[in-house]
Amino acid sequence: SVTITEERRVKYDFSAPYKEASQRMVVAANEARDFSDSANLKDARVGAQIGTTGALIMQEDFPQAELVTYDSYPLAFTDLLSGKLDGVIVDEPVAVEYTKLNKDSADKLKMSEVSYSDETYGVVVRKGDIELLERINAGIAAVKEAGIDRDLQKKWIE
């Protein structure tokens, strides 16, 4: 997934939005601190994937936390599960995967109730490739019209 941002639009074209999402903090199931309160992020070690919205949010909005960056989010979750991190900030679908769907971590982790952002996903297309962009947008429109996107949301996220 790629979040549509104005900075990214300079380099790439994006499809019509296909998913609304947010950034969520995933913490150990027994974590008592409420990370929706920025004061509780003081001195917290928070993992994020390099170049993601979550990493940018931590850098810009929560400089009191120690940001630990990773090449991929599975590495961050390995460190969270081993106690090397206090939390991992990721896209909501990834947070759901690790806190509800993954049999190895679902009982050990929980997702914050607070959303750290509102964002929209789109398909990235090479700048100026109008034909491909139109085909992708037609597919997205067909999926939405058939309600497939709502069905997937209910099955995997809610």
### Message
Testing V2, I4, T53 one by one against E119 for a side-chain contact (heavy atoms from CB on, under 4.5 Å), which residue passes?
### Response
T53

### Query
Do you reckon V114 sits in the same ILVMFWY cluster as L41, going by side-chain contacts under 4.5 Å, direct or chained?
yes

### Task
Among E113, E92, E97, find the residue that satisfies the salt bridge (Lys or Arg N to Asp or Glu O under 4.0 Å) test when tested with R24.
E92

### Summary
Here the gap from I50 atom CD1 to Y73 atom OH, rounded to the nearest 0.5 Å, amounts to 15.0 Å

### Query
Counting distance only, does the side-chain N/O of S112 pair as donor-acceptor with the main-chain N or O of M25 below 3.5 Å?
yes

#### Entry: Side-chain (N137) to main-chain (A16) donor-acceptor, under 3.5 angstrom
yes

### Task
Please report the closest heavy-atom contact between D61 and Q64, naming both atoms and the distance.
O-OE1, 4.3 Å

### Message
Given 3.5 Å as the limit, does a donor-acceptor pair link the side chain of K108 with the main chain of D104, or not?
### Response
yes

### Query
Can you tell me how far the OG1 atom of T69 sits from the CG atom of L75, to the nearest 0.5 Å?
11.0 Å

#### Entry: Interatomic spacing from OG in S15 to CD1 in I140 - rounded to 0.5 Å
3.5 Å

### Message
So does P74 get a backbone contact from the side chain of T78, meaning a donor-acceptor N/O pair under 3.5 Å?
### Response
yes

### Message
Testing the basics here: between I89 and G54, what is the closest heavy-atom pair and its distance to 0.1 Å?
### Response
CG2-O, 3.7 Å

### Query
Would one find more than 12 heavy atoms of other residues, nucleotides or ligands at under 6.0 Å from atom NZ of K144?
yes

### Query
Does V123 reach the side chain of Y18, with side-chain heavy atoms less than 4.5 Å apart?
yes

### Query
Mind checking whether V68 and M58 sit in one hydrophobic cluster, side chains of I, L, V, M, F, W, Y counted as touching below 4.5 Å?
no

### Query
Can you check whether V124 reaches F14 side chain to side chain, under 4.5 Å on heavy atoms?
yes

### Query
Looking at V46 and A65, what are the two nearest heavy atoms and their distance?
CG2-CB, 4.4 Å

### Query
Going hydrophobic residue to hydrophobic residue with side-chain gaps under 4.5 angstrom, can you get from L85 over to V90?
yes

### Query
Under a single-linkage definition using a 4.5 Å side-chain heavy-atom cutoff for Ile, Leu, Val, Met, Phe, Trp and Tyr, are I57 and V94 assigned to the same hydrophobic cluster?
no

#### Entry: Test item: side-chain donor near acceptor, D91 and Y121, under 3.5 Å
yes

### Message
Ignoring hydrogens, what is the shortest heavy-atom contact between L67 and A48? Give both atom names and the distance.
### Response
CD1-CB, 3.8 Å

### Query
Which value, rounded to the nearest 0.5 Å, describes the distance between T5 atom OG1 and L56 atom CG?
8.5 Å

### Query
With side chains defined as the heavy atoms from C-beta onward, is the minimum distance between F35 and Y116 less than 4.5 Å?
yes

### Query
Any luck finding a side-chain donor-acceptor pair between E20 and T120 under 3.5 Å?
yes

### Message
Tell me if the CG atom of D107 is crowded by more than 12 foreign heavy atoms within 6.0 Å.
### Response
yes

### Message
Once rounded to the nearest 0.5 Å, what's the spacing between atom CZ of R135 and atom CD1 of I130?
### Response
14.0 Å

### Message
According to side chain to side chain donor-acceptor pair (under 3.5 Å), who are the partners of K127, at least two apart in sequence or on a separate chain?
### Response
D13

### Query
How about Y98 and V88: do any of their side-chain heavy atoms sit closer than 4.5 Å?
no

### Message
Would you compute the distance between atom CZ of R126 and atom CG of L132 and round it to the nearest 0.5 angstrom?
### Response
7.5 Å

### Message
Can you tell whether the side chains of D79 and R45 come within less than 4.0 Å, N to carboxylate O?
### Response
no

### Query
With a cut-off of 6.0 Å (strictly less than), are more than 12 heavy atoms of other residues, nucleotides or ligands near CZ of R33?
yes

### Query
Which atom pair, heavy atoms only, marks the closest approach of V26 to T99?
CG1-CG2, 3.8 Å

### Heavy-atom side-chain contact between D86 and V27 under 4.5 Å
no

#### Entry: Closest heavy-atom pair and its distance - R8, T3
NH1-O, 2.8 Å

### Task
Tell me, with the steps shown, if L152 and I148 meet side chain to side chain contact (heavy atoms under 4.5 Å, CB included).
CA-CA 6 Å; L152 291 171; I148 296 168; 4.0 Å; yes

